[in-house]
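Here the structure comes first, spelled out in structure tokens, and everything after it is commentary.
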Amino acid sequence: MTEFLSVDGGTLAYEVAGEGPLVVLAHGVADSRFAYRAVVPRLVAAGYRVAALDTRGCGESSADWPSYTRTDVAGDLIALVRHLGGPAVLVGHSFSGGSATIAAAQEPELITGVVELAPFTRGQSVSLGAFFTVGRYRKGMLRLLGAGMFGSLRLWRAYLEVSYPGGVRPADWERRTARMDALMGEPARMKAFKAMGRSAPTDAGARLGDVRCPALVVMGTLDPDWADPRAEGEAILAALPDGLGRLEMIEGAGHYAHDQYPDRVISLLLPFLAENARA
């Protein structure tokens, strides 16, 4: 059942299932909490209270907001955790991985752990050498940049094609992409997508050193958003305080490991939650 939380600037949609320590899930750009449909039941069955959020501008949350930075979304995550009664472990994918990082740095007593799935958590630069030699990186970059620049649904769908490599897709792929198309087809939500795309992750990178809770970074080996996903994950760990971060790679996964290989992601999440989630 969808619930709503009013915060400064708009209304956030979310749903809660299960009982136990709180885990909050936040998705990437142009998506919705539907992205975690395979993850939520497994976490609930493991004994967690799971809140899946539609981030600002996405899903059933308000479409029009004054700003769409990772810091803004971090504030929304903190507001939701407080509303539900924290502490919580935050799980953030892509854009929201950076937001989860900022939230953990801002509220160390409220956030007991952070899981970053294919996160944009640092300032990025284009690897020209890899652009010409790594096909998935070149295709992903051109399609993602084109989708954001021109507001193109066709290019966004083309980006998704390379983001789910090896032909591994969820059984409800057509339903999933149809939902994304419908949301992106709304002018205000397309505007939010483009604004998020223009928001650099430097605000998250600046707070990596301030994180005080354990962090798990999960990257797919075939993620098209980076020429070398492992190197990106290792750079995130290097910017965290010593000993706080751990990197796990999922072989064959693209940018949506939690949708391609939910069982593998859960197998990484559950030990982390057992150590860091608190009621």
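The first residue of the sequence shown is numbered 1, and numbering continues consecutively from there. In this text the structure is predicted, and so the values were computed from the model without any measurement.
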| Stepwise, does the side-chain contact (heavy atoms from CB on, under 4.5 Å) test hold for Val29 with Ser94? | CA-CA 8 Å; Val29 299; Ser94 195; 5.5 Å; no
Side-chain H-bond candidate by donor/acceptor type, [X] with [Y], under 3.5 Å:
X: Glu116; Y: Thr121; answer: yes
X: Asp228; Y: Tyr137; answer: no
X: Asn276; Y: Thr112; answer: no
X: Glu60; Y: Thr2; answer: yes

| request: For the pair Lys191 and Glu186, evaluate salt bridge (charged side-chain N to carboxylate O under 4.0 Å, His left out) and give the outcome as yes or no after the intermediate values. | output: CA-CA 9 Å; Lys191 177 183 177 183; Glu186 298 178 27; over 6 Å; no
Between [X] and [Y], is there a shared hydrophobic cluster once you connect ILVMFWY residues whose side-chain heavy atoms come closer than 4.5 Å?
X: Ile111; Y: Leu80; value: yes
X: Val217; Y: Trp226; value: yes
X: Leu117; Y: Val73; value: no

State whether the side chain of [X] and the backbone N or O of [Y] hold a donor-acceptor pair below 3.5 Å, judged by distance alone.
X: Ser61; Y: Ala13; result: yes
X: Ser152; Y: Gly148; result: no
X: Arg136; Y: Asp223; result: yes
X: Thr69; Y: Asp72; result: yes
X: Arg212; Y: Leu244; result: no
X: Arg189; Y: Gly59; result: yes
X: Tyr261; Y: His258; result: no
X: Arg246; Y: Pro214; result: no
X: Ser199; Y: Met196; result: no
X: Gln260; Y: Val168; result: yes

| task | Would you please indicate yes or no on a ring centroid separation below 6.0 angstrom for Tyr36 and His93? | result |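 No, the ring of His93 stays outside the 6.0 Å limit from the ring of Tyr36, centre to centre.
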Test: [X] cationic atom under 6.0 Å from [Y] six-membered ring centre, within 45° of axis:
X: Arg70; Y: Phe95; value: yes
X: Arg179; Y: Phe34; value: yes
X: Arg176; Y: Trp173; value: no

| said: Just to verify, what does Tyr159 make a ring-ring contact (aromatic ring centres under 6.0 Å, His included) with, not counting sequence neighbours? | reply: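 Tyr159 satisfies ring-ring contact (aromatic ring centres under 6.0 Å, His included) with Trp156 only.
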| query | Looking at residues at least two apart in the chain, or sitting in another chain, which of them share a ring-ring contact (aromatic ring centres under 6.0 Å, His included) with His27? | reply |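 His27 satisfies ring-ring contact (aromatic ring centres under 6.0 Å, His included) with no other residue.
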Can you find a pair of side-chain heavy atoms, one from [X] and one from [Y], that are under 4.5 Å apart?
X: Leu12; Y: Phe4; value: no
X: Ile250; Y: Met219; value: no
X: Val23; Y: Arg49; value: no
X: Leu43; Y: Leu25; value: yes

| said: One pair to check against side-chain contact (heavy atoms from CB on, under 4.5 Å): Leu84 and Val16. What are the steps and the verdict? | reply: CA-CA 9 Å; Leu84 294 175; Val16 181; 4.0 Å; yes
| Considering all heavy atoms of both residues, which atom of Gly252 and which atom of Pro165 are nearest to each other, and what is their separation? |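 Distance-wise, the nearest heavy atoms are O-CG, 3.5 Å.
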| said: Checking Val89 against Leu22 for the side-chain contact (heavy atoms from CB on, under 4.5 Å) test, could you report, in this order, the C-alpha distance in whole Å, the side-chain angles of both residues, the deciding distance, and whether it holds? | reply: CA-CA 7 Å; Val89 170; Leu22 180 61; over 6 Å; no
| request: Could you walk me through whether Leu5 and Tyr14 pass the side-chain contact (heavy atoms from CB on, under 4.5 Å) test, one step at a time? | output: CA-CA 8 Å; Leu5 174 66; Tyr14 66 97; 4.0 Å; yes
